[in-house]
2 protein chains.
Amino acid sequence: KETFSEISPSDFFYRNRDLAGFTNPARALYSTVRELVENSLDACELESILPEVYVRITAYDPLEEAEPKKYVIRVQDNGPGVEPERLPEAFGKVLYGSKYKLRQSRGMFGLGGTMAILYGQITSNKPVTIETSVDGVKRYYYKLMIDIEKNKPIIVEKKVGEGNGLRGTVVELVMEGDYFRSSTKIQEYFKQTALVVPYANITFIEPSGKIFYFLRTTTEMPPPPKETLPHPHGIDVEFMRRTIRQSSDESLAKFLSKRFHRVGLKTAIKFLQYAGIDPNRSPKSLSDEEIVNMVSAMHRYEEFLPPDAGCLSPLGENILAAGIVKELAPEFFTIVTRPPSAYSGYPFIVEVALAYGGKILENGIKLYRFANRIPLLYDEASDVSWKVIHEEIDWKRYRIPQDAPIAVIVNISSTRIPYKTVGKEYIADRPEIERELKNALRETLRKLSAYLSRRSSEEHEKKK
Amino acid sequence: KETFSEISPSDFFYRNRDLAGFTNPARALYSTVRELVENSLDACELESILPEVYVRITAYDPLEEAEPKKYVIRVQDNGPGVEPERLPEAFGKVLYGSKYKLRQSRGMFGLGGTMAILYGQITSNKPVTIETSVDGVKRYYYKLMIDIEKNKPIIVEKKVGEGNGLRGTVVELVMEGDYFRSSTKIQEYFKQTALVVPYANITFIEPSGKIFYFLRTTTEMPPPPKETLPHPHGIDVEFMRRTIRQSSDESLAKFLSKRFHRVGLKTAIKFLQYAGIDPNRSPKSLSDEEIVNMVSAMHRYEEFLPPDAGCLSPLGENILAAGIVKELAPEFFTIVTRPPSAYSGYPFIVEVALAYGGKILENGIKLYRFANRIPLLYDEASDVSWKVIHEEIDWKRYRIPQDAPIAVIVNISSTRIPYKTVGKEYIADRPEIERELKNALRETLRKLSAYLSRRSSEEHEKKK
Ligand SMILES: Nc1ncnc2c1ncn2[C@@H]1O[C@H](COP(=O)(O)OP(=O)(O)OP(=O)(O)O)[C@@H](O)[C@H]1O
Ligand SMILES: Nc1ncnc2c1ncn2[C@@H]1O[C@H](COP(=O)(O)OP(=O)(O)OP(=O)(O)O)[C@@H](O)[C@H]1O
Ligand SMILES: [Mg+2]
Ligand SMILES: [Mg+2]
């Protein structure tokens, strides 16, 4: 007779940690660094704090030579800190966090930081040490482990001390890693992050003791991301039923105008008339059948204003140009920012830059991918950007030689990035995103094509 | 001030259903069919029941033309049924199932069937109907919905009726799908499944009413999969602590020999001596430090017998040959079965077949991938098999022309397939699996190369 069991989400991601990017010691070291750094940058940007992020990887036993081996990973920031009552669950519980909102941020799943701690625990059996202060007055010190079977934190130790005016968070854990095999990717991660977060000071100390400084080149920060309401085109029956259950609006017209993005009272009434529903009815009075009909009418209704991308925070041309000049020093580059669009009701903005020649020496197309300012360094061949570059664009049409030294930089900003994996490795080929990438890339290619023909006719002139 | 929240695993996979392969109506229809069919085949094979699987997709509203639209999906099997007390949670709860074991099966995550039901519910707002009988005497009828926020089933209706001698399970749900866009993949899924499960009768009725029969070509079934113990090389500190906690063995020697794969009392004692631990100590008396040292000694210890693949159920040459002849009718084919191997302590067997010419008309390499008898039809370029074929093998060495019409068929059998996604789309490039695939493919290429040169010299002879 078959025996059944239930497992907790932490047990699920423990057993299937490759799904979250913790495949082997080298990859786990990379994922640990990125998950903790992304948490720090999200926290600072939310409060418009110029980020100071310090990352140190040290061999746990300096005499141990062979990889993989134990490392101490320390990530420190000057962010707003974590509320002490929330801290144990924020770090010790999977599917718990502050990013389950319609707001642009790097984090979205509620498990990245926790997975790093979990991996550290199962490979070193040591608790994680977390320090935090939200006001610089009191500083909290936690030693935590995770009860993986029950998905809850175990507070091994908790202390309170003087804040000394320092706000922010420190996470320090011990894990089995392989720096020899992941150093290139980790250093590339910092380099690319510094490109798109030029207002951050990032310090990275590697096991050899060598220090990499990524100093800020500007003090101008993007406006903090704004939480937005769901758009009618993105909702389904489950979401509608939940929203009705949680609301106490007396009329459907009021309910729609309060709960949905860019739906005013007028629009709500017009839509309800279109859907054949009395705008004065109470939302809770709708039958299941009526909810289904209303939702499918919402999807068909064309008079809703499209999602407003004002809540989004794209890189902007200045940041992209500065990064391209600094890192690539090309002979030519062009940046295209597409107008805001949406997929499944989620607003997004695509920015594509194309750089050519100069210090770009490698022949062929090098692709740099960013999503909400996260550099994506794995699985590029599965990414929607790669698909557009290699399958949807006819490069010959623009008379660009096959071996031209080219860099394509893509950034997608959205309230929800459609990653195909829990490890945030690459982005799904949603048709709307594909279309915007294609249009952006074509525009950059037209500009490069014009530049190349101008340059070749100028050279022609010179020769005469 | 940041607000935190926790979400249940069903809420997580509802919000991120693309992770599980429910990206859009066409893809969701495919995933629904595959998840339910895989559940039926797993159930039948476990009890050595010759599978009779019946799948019907019907338009919910026959007058509705435009896709996407609502479909009724019905999947019926003659399997062992589901224990009625377990049924609501088996289908109405994510991360609940009977496959959290070290045993070869298609299912492994405890969420496939539940995701299909969830997707049906959020797109149609209709409950799923499930009928089951474990003995042919009593037949249970359930109408279920899922409380997605709480991750638990809602029993809308429950009836008991006469069994009429019929054992098995029927799942019927309504969902928004797009048969026009997924028909090719769905039909291919059945065709390839029939190849590797030739002892099954599969009937598929598509919306037009057309019936596809995949009749069994043999009544010989593979032996049912056997549950196996974990191998010392695959365990970590968390697993060891859990196993110690759940055991009541008085001595470490007894504990290791009872709980681990192919570890007898002698081996256990020898290993404990190597690790410097008294074999008579009680497992529960070990300190955390000692557990860590024992686990890392286990990983280093070379005297453990390798995992025994006797619990695995590879396709075997007969089934592969029959399928290749029937579906590809090639001029030449060869099958290589690698000896059992292991990754992270999980035993696996790789089978690779190479077919050439004959009715294979398309130039280039067509790849057919199977894992535990599941056809994998998506994301082939990200799969380890693709990587081996295109990056690890020098085809010119075997003097095989670039445009030769070739099919490569890969099947991997294991107690745990290292999928990279929750939607089971493709397999991670674990070094051990990569190595076995490479060796198998090289062997098939040597045979094809020999055949081609033999054939060309025979033709040469004829011309003279
Ligand atoms: N350095 C930090 N400063 C402030 N808050 C933090 C910091 N690190 C983590 N947090 C809080 O802990 C929560 C959980 O973090 P975790 O990385 O596990 O999930 P997430 O960032 O929400 O999502 P994701 O899995 O996509 O990373 C975050 O939502 C955030 O509120
Ligand atoms: N047709 C069936 N006959 C018998 N048991 C079934 C059937 N379908 C589902 N089950 C039971 O319900 C459980 C849950 O199924 P579900 O598909 O959600 O998860 P799974 O098959 O265990 O894992 P996966 O997510 O990888 O498919 C199974 O483990 C199995 O015990
Ligand atoms: Mg995070
Ligand atoms: Mg299943």
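Lettering follows sequence order; numbering is per chain, from 1.
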| field | Segment of Y14(B) engaging chain A (4.5 angstrom heavy-atom cut-off) | value | side chain
| said: Please identify which of these residues, Y100(B), Y96(B), F91(B), meets the ring-ring contact (aromatic ring centres under 6.0 Å, His included) condition with F4(A). | reply: Y96(B)
| message | Ignoring hydrogens and geometry beyond distance, is a side-chain donor-acceptor pair present between R430(A) and N24(B) at under 3.5 Å? | response | no
| Pairing of E149(B) and R245(A) as salt bridge, 4.0 angstrom limit | yes
| request: Please assess K126(B) against D288(A) for the test side chain to side chain contact (heavy atoms under 4.5 Å, CB included), listing each intermediate value before the final yes or no. | output: CA-CA 9 Å; K126(B) 303 220 172 301; D288(A) 270 352; over 6 Å; no
| field | Pairs of heavy atoms under 4.5 Å with chain A: top-ranked of V134(B), I122(B), V422(B), T421(B) | value | I122(B)
| task | Can you label the angle between the F13(B) ring and the F13(A) ring as parallel, tilted or perpendicular, going by 30° and 60°? | result | parallel
| Contacting moiety of L46(A), where chain B heavy atoms sit under 4.5 Å | side chain
| message | Please classify the contact of F109(A) with chain B as side chain, backbone, both or neither, using a heavy-atom distance under 4.5 Å. | response | both
| remark: Looking only at R242(B), R416(B), K1(B), E47(B), the option with the highest number of non-hydrogen pairs under 4.5 Å against chain A is R242(B)
| query | Considering only heavy atoms, which portion of M108(A) lies under 4.5 Å from any heavy atom of chain B: side chain, backbone, both, or neither? | reply | side chain
| query | Is it the backbone or the side chain of K99(A) that comes under 4.5 Å from a heavy atom of chain B, or both, or neither? | reply | neither
| Would you call R15(A) and E238(B) a salt bridge, taking side-chain N to carboxylate O under 4.0 Å as the test? | no
| request: For each of S344(A), S5(A), P9(A), tally heavy-atom pairs with chain B at distances under 4.5 Å, and name the one with the top tally. | output: S5(A)
| task | Measure the CD-CD distance between E6(A) and E89(B) for me, rounded to the nearest 0.5 Å. | result | 7.0 Å
| Side chain, backbone, both or neither: which part of T123(A) has an atom under 4.5 Å from a heavy atom of chain B? | neither
| field | Pair N125(A)-E289(B), side chain to side chain contact (heavy atoms under 4.5 Å, CB included): steps then yes or no | value | CA-CA 8 Å; N125(A) 205 30; E289(B) 193 82 20; over 6 Å; no
| Should R103(B) and E2(A) count as an ion pair when the cut-off is N to O under 4.0 Å? | yes
| message | Counting heavy-atom pairs under 4.5 Å with chain A, which one of V292(B), L95(B), V237(B) comes out on top? | response | L95(B)
| task | Pick one of side chain, backbone, both or neither for I291(A), based on which atoms fall under 4.5 Å of a heavy atom in chain B. | result | neither
| Engaged part of S124(A) at the chain B interface, taking heavy atoms whose separation is under 4.5 Å | backbone
| query | How long is the span from the CD atom in E425(B) to the OG atom in S382(A), to the nearest 0.5 Å? | reply | 10.5 Å
